[in-house]
Amino acid sequence: QVQLVESGGRLVQAGGSLRLSCAASGRTIRDYAMGWFRQAPGNEREFVAGINWSGTSINYADSVKGRFTISRDNAKNTVYLQMTSLKPEDTAVYYCAADRQGRISYTPLDMDYWGKGTLVTVSS
């Protein structure tokens, strides 16, 4: 079993930056693909960014491409999401998730483990 804990969410002004962290425990995540998803009030959970087990494949949702960067530090068993040029429409609860298959998944149902989320609020 893997436990995931997100941190770093807070209130930030539009145009600002945040770095979210996802710390894993219970086992190593070095062979898992990792993803960030978000869910705004009234909306479904959506894919934001994903990184495969080796870090050689990375993908982003079109809405965040060029502004967000996902990375992983397997030595620290941690995944990050660097967010820049934040917009009010980025406001959501951000979730970290792990996929045991090792390949990037874009659908929440394909992910095996989830954190409880961290709230990002972007004010205009």
Heavy atoms, side chains only, cut-off 4.5 Å: are Val12 and Thr121 in contact? no
What do the steps show when you test Ser105 against Thr107 for side chain to side chain donor-acceptor pair (under 3.5 Å), and what is the final call? CA-CA 6 Å; Ser105 297; Thr107 305; over 6 Å; no
So which atom in Cys22 and which in Met34 form the shortest heavy-atom distance, rounded to 0.1 Å? SG-CE, 4.4 Å
Closest heavy-atom pair and its distance - Ala92, Ala40: CB-N, 3.8 Å
If every non-hydrogen atom of Thr78 is compared with every non-hydrogen atom of Ser21, which pair is closest and at what distance? CG2-CB, 4.4 Å
Is the distance between the ring centroids of Trp114 and Phe37 less than 6.0 Å? yes
If you count every heavy atom of other residues, nucleotides or ligands that lies below 6.0 Å from Arg27 atom CZ, does the total exceed 12? yes
If the condition is side-chain hydrogen bond (donor to acceptor under 3.5 Å, both in side chains), which residues does Asp90 pass it with, not counting sequence neighbours? Arg38, Arg67
Less than 4.5 Å apart, any side-chain heavy atom of Cys96 and any of Leu4? yes
Are Phe47 and Ile51 connected, step by step, through hydrophobic side chains (Ile, Leu, Val, Met, Phe, Trp, Tyr) whose heavy atoms are closer than 4.5 Å? no
If I compare all heavy atoms of Leu81 with all of Ala49, which pair ends up nearest, and what's the gap? CD1-CB, 4.1 Å
Output, in order, the C-alpha distance, side-chain angles, deciding distance and verdict of side chain to side chain contact (heavy atoms under 4.5 Å, CB included) for Tyr60 and Thr69. CA-CA 8 Å; Tyr60 299 96; Thr69 303; 3.8 Å; yes
Backbone N or O of Ser7 within a donor-acceptor pair of the Thr118 side chain at under 3.5 Å? no
Start with the C-alpha gap between Leu86 and Leu18, add the side-chain angles, then the distance that decides, and say whether side chain to side chain contact (heavy atoms under 4.5 Å, CB included) holds. CA-CA 8 Å; Leu86 283 161; Leu18 278 179; 4.1 Å; yes
Taking Asn77 for the side chain and Ile29 for the main chain, is one N or O donor matched with an acceptor at less than 3.5 Å? yes
Are the side chains of Met83 and Tyr94 in touch, meaning some heavy atoms are under 4.5 Å apart? yes
Candidate pair Tyr95 and Arg45, rule side chain to side chain contact (heavy atoms under 4.5 Å, CB included), full reasoning: CA-CA 9 Å; Tyr95 298 91; Arg45 194 168 298 188; 3.4 Å; yes
Are side-chain heavy atoms of Trp36 and Leu20 found at a separation under 4.5 Å? yes
For Asn59 and Ile104, which heavy atoms make the closest approach, and how far apart are they? N-CD1, 3.8 Å
Calculate, to the nearest 0.5 Å, the distance between atoms CG and CZ belonging to Asp110 and Arg103 respectively. 9.5 Å
Apply side chain to side chain contact (heavy atoms under 4.5 Å, CB included) to residues Asp99 and Tyr32 and explain how you reach the verdict. CA-CA 5 Å; Asp99 185 339; Tyr32 287 3; 6.0 Å; no
Determine yes or no for a side-chain-to-main-chain donor-acceptor pair under 3.5 angstrom, with Asn52 supplying the side chain and Gly102 the backbone. no
ILVMFWY cluster, Val64 and Tyr80 together (side-chain gap under 4.5 Å): no
Just verifying a value: how many Å separate Leu11 CG and Ser123 OG, rounded to the nearest 0.5 Å? 5.0 Å
Test side-chain hydrogen bond (donor to acceptor under 3.5 Å, both in side chains) applied to Thr91 - qualifying residues, sequence neighbours left out: none
Taking all non-hydrogen atoms of both residues, which atom of Ser17 and which atom of Ser85 are closest, and how far apart? OG-N, 4.4 Å
Can you measure from NZ (Lys87) to OG (Ser124) and round to the nearest 0.5 angstrom? 14.0 Å
Under 4.5 Å between any side-chain heavy atoms of Ser25 and Val2, yes or no? no
State whether Trp53 and Arg100 meet the cation-pi test: NZ (Lys) or CZ (Arg) under 6.0 Å from the six-membered ring centroid, and within 45° of the perpendicular axis. no
